[in-house]
Structures are given as structure tokens and as C-alpha cells.
Amino acid sequence: MTFGFAPPSTTSLTTATGGASRHGRLLEPAEWTAAGVPLLSNPREVVSGLHSRHSPVPSTAVIAVLGPEEQLVASASFVPRSASADGWEYRNALLSALRRVLPHDLRRRTPVRTAVLLYCREGDERWTEEDGAWMWGLRDACTLHGLRCGAYITLTRGGWQVLGEGRGGRRPSSDSRPELLAGTAPEFAPLTLRTGGGSATEALRRTAAR
């Protein structure tokens with residue numbers, strides 16, 4: 001799979017008055033690459049694990065926090081409330097999900113845990129403005145939660161792709177059936193922010209990987 005750029009549509013590039021992109025806060029691919037986002041040592045394992053835990057369908061975002069050895073500490077999935085959100089709204093949604101499943105690390109001088117984002121969407125693996133808005137949101141949410149900003153991964157019908165790295169694979173894809181992980185209870189349920197129900201302890205029990 002290749003890393004490319006999707007031709008922008010008229011509706012995504014301009015507002016009704018011919019102004020800037022509706023995704024007002026976004027990162028271009030060059031900016032993302034220049035940010036020095038740490039590489040995943042085994043992206044396929046990370047993607048497969050998140051796919052099995054959350055069974056994402058198009059428009060689902062999965063935020064995961066990895067420990068120093070790239071072990072999964074906690075994860076949560078949600079569907080954005082607005083399809084036309086910009087990076088600021090995505091940031092708020094990601095930050096809300098992180099706060100539900102994990103205490104912040106703001107007291108640490110240097111972040112020791114890393115957040116990665118898997119976004120399941122339509123289209124192909126090429127970068128879009130929506131991806132740029134998610135990248136902006138991920139970077140800002142990590143700063144506000146005391147985490148390192150990690151990889152941004154798209155999941156489409158063609159497979160998965162770590163944007164900015166050129167690494168990807170055909171499975172899992174948005175059409176794949178999730179595989180049950182060893183030691184994962186069948187009743188496992190990802191966090192859904194639309195409901196907003198339950199305590200933080202319940203959310204952690206449902207979403208944290210031990």
C-alpha cells in the first residue's frame with residue numbers, strides 16, 4: 001500500500017463564501033512527518049489488537065494508550081458527534097475519551113506513555129483533510145493529557161495504513177470480522193461516548209487492557 005494524497009473536493013476545501021477549509025485546524029502530511037512521531041515497532045499487532053477489541057466500522061475512532069514496551073494500557077472507541085468537525089472538536093472528543101479510561105500524566109516531566117489513533121473511514125489510504133484534522137486533534141489531546149503523540153492509522157476497505165510512514169497491510173480492514181483475542185472475554189464492550197453512561201471505573205473495566 002502507498003501513502004498518497006486524495007484530491008480535495010470542492011466542499012471540503014472551501015466554505016460557502018470561498019473561505020478556508022471547514023477543517024480549520026489540521027496538520028498537513030509534511031507537518032506530521034516533521035513532528036517526529038515515534039514509529040510503532042509492530043504496527044500490525046497494534047492494529048489487529050484494536051480491531052479485535054473494538055470492531056470499528058466506518059466513522060469510528062479508536063484511541064489507545066501504549067506503555068513504554070508498546071503494551072496496551074487502555075483504549076476507547078467512539079463515533080464523532082459531527083461529521084463536519086474540525087481538529088478542535090476532534091481534540092475535545094479524544095480528550096474526553098482519554099479522561100474516561102486513564103488518569104492524566106501531566107505531573108511527569110517527560111511523557112512515558114504514547115497515544116495512537118485508529119480511525120475507520122470510507123475511501124482509500126490517501127491523506128484527506130479529515131485525516132489532517134484528526135492528526136491535529138490527536139497531537140493537542142496528547143499534550144493536554146501528558147502523553148506522547150503516537151501514530152495515526154486509517155482503516156478502510158483496502159486495509160490499514162500508518163499515515164506518514166508508508167507502512168500498511170490488507171488485513172484487518174473495515175470489512176474484516178474481528179478475531180477474538182486470547183484472554184478477552186466475549187462480553188467485552190468498547191466505550192461509546194454517545195451514551196455517556198456509567199462511571200469512570202466501569203469504563204476502565206470495559207476498555208483497559210491488562
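When reading the values below, keep in mind they use all heavy atoms of this one structure, side chains included, and skip hydrogens, waters and symmetry mates. Owing to the predicted nature of the structure, the values given are computational and were not obtained by experimental measurement.
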Query - Residue E45 excluded, over 12 heavy atoms near CD under 6.0 Å - result: no
Requested in this report: Would you check, one step at a time, whether the test side-chain hydrogen bond (donor to acceptor under 3.5 Å, both in side chains) holds for S41 with E70?
Outcome: CA-CA 8 Å; S41 61; E70 215 165 271; 2.9 Å; yes
Query raised in the report: Measuring from L94:CG to L144:CG, what's the distance to the nearest 0.5 Å?
Result: 11.0 Å
**Report entry** Gap separating the OG1 atom of T60 from the CG atom of L118, nearest 0.5 angstrom
**Finding:** 9.5 Å
Requested in this report: State, to 0.1 Å, how close P172 and V47 come at their nearest heavy-atom pair, and which atoms those are.
Outcome: CG-CG1, 3.7 Å
Query raised in the report: Between S173 (side chain) and G159 (backbone), is there a donor-acceptor pair under 3.5 Å?
Result: no
Report task. Just do the side-chain hydrogen bond (donor to acceptor under 3.5 Å, both in side chains) check on Y152 and D131 with the steps written out, would you? Result -> CA-CA 8 Å; Y152 173 71; D131 294 326; 2.7 Å; yes
Query raised in the report: Say you draw a straight line from CD of E130 to OG1 of T154; how long is it, rounded to the nearest 0.5 Å?
Result: 10.5 Å
Query - Worked verdict on T143 versus D140 for side-chain hydrogen bond (donor to acceptor under 3.5 Å, both in side chains) - result: CA-CA 5 Å; T143 299; D140 219 41; 5.1 Å; no
Requested in this report: Please round to the nearest 0.5 Å and tell me the distance separating atom CG of L95 and atom CD1 of I63.
Outcome: 10.0 Å
Query raised in the report: Where do L155 and V62 land on the side-chain contact (heavy atoms from CB on, under 4.5 Å) test, with the steps shown first?
Result: CA-CA 10 Å; L155 187 71; V62 181; over 6 Å; no
Query raised in the report: What closest approach, in Å, do T114 and P38 show between heavy atoms, and which atom pair accounts for it?
Result: CG2-CG, 4.3 Å
Query - Aromatic plane relationship, Y90 with W134 - under 30° parallel, 30 to 60° tilted, over 60° perpendicular - result: parallel
Query raised in the report: How many angstroms lie between CG in L66 and CG in L40, if you round to the nearest 0.5 Å?
Result: 6.5 Å
Requested in this report: Determine, stepwise, if the pair S55 / H51 fulfils side-chain contact (heavy atoms from CB on, under 4.5 Å).
Outcome: CA-CA 5 Å; S55 307; H51 182 262; over 6 Å; no
Query raised in the report: What's the shortest heavy-atom distance between S52 and P178, and which atoms?
Result: CA-CB, 3.8 Å
